[in-house]
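Report on one structure; see the data block that follows.
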Amino acid sequence: MAIHFFNTLSRRKEEFVPLVPGQVRMYTCGPTVHDFSHIGNFRTFVFEDLLRRYLKYRGYAVTQVMNITDIEDKIIRKARQRGVSVREVTEPYIQAFFEDLGRLNVERAEHYPRATEHVEDMVALIRRLLEKGYAYRSEDGSIYYDISRFPDYGRLAHIRVEELRGGARVRQDEYDKEDVADFALWKAWDPEDGEVYWDQYPDLGKGRPGWHIECSAMSMHYLGEHFDIHTGGVDNIFPHHQNEIAQSEAATGVRFANYWLHAEHLQVEGQKMAKSLGNFFTLRDLVSSNNPSGRAWDPLAIRYVYLGSHYRSKLNFTFSGLRQAESSLDGLKSFVLACREVRLPGPPEPDVAALVGGTRERFVAAMDDDLSTPPALAALFDLVGEVNRRLVSGRLNQASAGLLLDFVEEIDRVLGLRLTEQEQPTPEEMELIARRQEARRHKDWATADRLRAELASRGVILEDTPQGVRWKIDRKQPR
Ligand code: AMP
Ligand code: ZN
């Protein structure tokens, strides 16, 4: 079976065939660092991580670029309001962004170019567009892209633009479908921009680049003029990605990206997230207790929420959904711990090997089908249920358990839930566990209870089972 992706360009699932066999080059629109990224943004970033991880799992060498938009209208506004430089606004948010990616176990892309470090590339591209007659200068000195010169304009967004409003222009970086119009490539300096401008390009004039040109310039810089996959959230389809196509293909004369994949939006309790509605959460709000549940959540439970629905469906985030995700994740981790404790001797059991093989097939078939995570996770849970039944009746040997653990590790290369990387007690805590066992052997229940309480206060939760003591590490704040 081949991988199939839903391509926004054709609105169909298409077989994925990379330009160079065995290699994938993909561009993922990154954060605008005017603030902390919210849980909607991370839905898209985790989808892109899943895409990357699955392509790697299927044997492709992946080169991923994610830009950092560190110059843009909102950033400039914030810098002006605070009376600081653009960099002073963006730098802390860039650091925070990488910390958040780490929390969500998002793999690092190969390149994270910042827009401000690629202005030269953007200028070169704008010059090409001017030379080819796709761009023009307006009365105020700004340079605009003339969408009427690009017959395919609107194709990605499925907008019919027979009646392009000749000469209508938008200067701001973000706008709606109602405003289909020529867009700014280079914005002539405006007093609103304060100290933010580039004045070393006399042919363009004192000014700054528009938002859309940055992704065309940076993708080409790192991936070449024609590459495999371009992604973002659905709000990027228009105008941003449509404009990227127009700029890039007009300048180069070749097709830009072959596959366009877009993640649907996350909503909270059925509504669009908005600060005014009090349902707007950054990742930081959820992993600290700064949220209506009053709890600090495990970021990997949030990652599980993302994986639990298909990336092209709207994701309705709720705290009860998050609680369910947490318990599903706990179920998978307990399964790993239980498999680790099996000591029964004997060769691997053929039916366990068959179960693993069948589950892998289901997992791959689901993921090949446009990254369908819900059936992929269902396959994994069916295996867990089946094996748990055997564990309860003591019918699983250590060799089979090893096979299962290897399989979970394999699948987790795609899921990224750190299922097999569970934290171990420190040597000091191991010593306390051993002392408690010793106390129990001597029926010194008072000491045993005291040690259990001490371990619990450090986040090491003990459970006594017929097979011996089990521990679980939970270093989150108390519930
Ligand atoms: P921004 O930082 O605004 O440039 O957005 C970063 C990424 O998050 C882009 O790919 C957006 O399409 C995506 N995005 C924005 N809002 C949401 C949302 N509510 N759900 C999912 N993705 C979103
Ligand atoms: Zn972009």
Side-chain angles (χ1 to χ4, degrees), residues 8 26-51 64-75 78 89-90 93-94 96-98 100-101 104 106 109 111-115 118 121-122 125 156-157 172-175 183 209-223 227 229-248 256-257 260-275 277 279-283 302 305-306 309-317:
T8 305
M26 64 183 221
Y27 188 86
T28 46
C29 285
T32 307
V33 284
H34 68 284
D35 210 333
F36 296 114
S37 294
H38 58 62
I39 57 172
N41 301 136
F42 284 112
R43 190 230 183 154
T44 295
F45 298 137
V46 168
F47 144 67
E48 288 155 348
D49 181 53
L50 181 79
L51 170 63
Q64 181 192 357
V65 178
M66 178 175 279
N67 66 299
I68 306 279
T69 300
D70 62 349
I71 179 88
E72 176 265 0
D73 298 349
K74 289 194 288 284
I75 296 173
K78 204 163 218 175
V89 171
T90 58
Y93 295 128
I94 293 174
F97 176 66
F98 285 110
D100 289 350
L101 289 185
L104 289 167
V106 169
H111 305 280
Y112 288 101
R114 298 180 186 195
H118 285 273
D121 290 320
M122 300 176 212
L125 200 54
L156 179 76
Q172 70 265 33
D173 287 327
E174 289 177 281
Y175 52 95
F183 56 92
W211 169 36
H212 313 294
I213 196 72
E214 76 172 73
C215 287
S216 286
M218 292 192 277
S219 57
M220 282 192 229
H221 181 103
Y222 292 93
L223 302 174
F227 55 91
I229 303 178
H230 197 312
T231 71
V234 286
D235 57 303
N236 286 153
I237 298 173
F238 189 85
H240 186 51
H241 288 167
Q242 184 61 73
N243 290 352
E244 280 188 47
I245 293 174
Q247 296 162 151
S248 306
F256 183 43
W260 289 84
L261 275 60
H262 292 100
E264 245 304 345
H265 271 191
L266 170 146
Q267 299 188 325
V268 174
E269 309 278 355
Q271 282 183 299
K272 190 177 162 158
M273 252 195 317
K275 286 190 175 146
L277 292 175
N279 67 353
F280 181 97
F281 306 117
T282 64
L283 186 74
I302 300 166
V305 168
Y306 295 141
S309 68
H310 188 253
Y311 77 91
R312 280 194 296 113
S313 321
K314 278 208 170 68
L315 195 170
N316 186 25
F317 176 88

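In each ligand, atom 1 is the first atom listed, and ligand 1 is the first ligand listed.
With the Zn ion (ligand 2) as vertex, Cys215 SG and Cys29 SG subtend 130°, rounded to 10°.
If you number the atoms of ligand 1 from 1 as listed, the ones under 4.0 Å from a heavy atom of Gly233 come out as 10 (O), 12 (O). The atoms of ligand 1 that sit less than 4.0 Å from any heavy atom of Pro31 are 2 (O). Annotation for ligand 1: atoms under 4.0 Å from non-hydrogen atoms of Gly30 are 4 (O), 6 (C).
Within His240, the N, O or S atom lying nearest to the Zn ion (ligand 2) carries the name NE2.
Contact analysis puts Phe45 in contact with ligand 1, with a non-hydrogen atom separation below 4.0 angstrom. Contact analysis puts Asp235 in contact with ligand 1, with a non-hydrogen atom separation below 4.0 angstrom. Distances shorter than 4.0 angstrom do not occur between any heavy atom of His262 and any atom of ligand 1. Not a single heavy atom of Ser37 sits less than 4.0 Å from an atom of ligand 1. Within the structure, ligand 1 lacks Ala263 among the residues with a heavy atom less than 4.0 angstrom away.
With atom 17 (C) of ligand 1 as the reference point, the heavy atom nearest to it among Arg43, His265, Glu264 is part of His265.
Outside the 6.0 Å centre-distance limit, the rings of Tyr112 and Phe97 are not counted as a close aromatic pair.
At the top of the distance list for atom 19 (N) of ligand 1, counting protein heavy atoms only, stands Leu266 O, 3.3 Å. Nearest protein neighbour of atom 22 (N) of ligand 1, counting heavy atoms only, is Thr44 OG1, 2.7 Å. Protein heavy atom in closest approach to atom 4 (O) of ligand 1: Thr32 OG1, 2.8 Å. In this structure, the protein non-hydrogen atom closest to atom 21 (C) of ligand 1 is Gly40 O, 2.9 Å. Nearest protein neighbour of atom 8 (O) of ligand 1, counting heavy atoms only, is Asn41 ND2, 3.0 Å. Counting protein heavy atoms only, atom 10 (O) of ligand 1 is closest to Asn236 OD1, 2.9 Å.
Within the 3.5 Å criterion, the main-chain N or O of Ile213 finds no donor-acceptor partner in the side chain of Asn243. For Ser219 (side chain) and Ser216 (main-chain N/O), a donor-acceptor pair under 3.5 Å exists by modelled atom type. Under a 3.5 Å cut-off, the side chain of Asn279 and the backbone N or O of Ala274 do form a donor-acceptor pair. His38 places a side-chain N or O within donor-acceptor distance of the main-chain N or O of Gly40, the cut-off being under 3.5 Å. Judged by distance alone, the side chain of Thr28 and the main-chain N or O of Val65 form a donor-acceptor pair under 3.5 Å.
Between the side chains of Asn236 and His262, no donor N or O sits under 3.5 Å from an acceptor N or O.
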Check the pair Phe256, Tyr27 against side chain to side chain contact (heavy atoms under 4.5 Å, CB included), reporting the backbone distance first and the verdict last. CA-CA 11 Å; Phe256 183 43; Tyr27 188 86; over 6 Å; no
Mind running side chain to side chain contact (heavy atoms under 4.5 Å, CB included) on Gln247 and Cys215 for me, showing each step along the way? CA-CA 10 Å; Gln247 296 162 151; Cys215 287; over 6 Å; no
Side chain to side chain contact (heavy atoms under 4.5 Å, CB included), that's the test. Do Phe42 and Asp100 meet it? Break it down for me. CA-CA 9 Å; Phe42 284 112; Asp100 289 350; 3.4 Å; yes
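The residues Lys78 and Asp35 are annotated as salt-bridged, a charged nitrogen and a carboxylate oxygen being separated by less than 4.0 angstrom.
Looking at His38 against ligand 1, only its side chain comes within 4.0 Å, counting heavy atoms.
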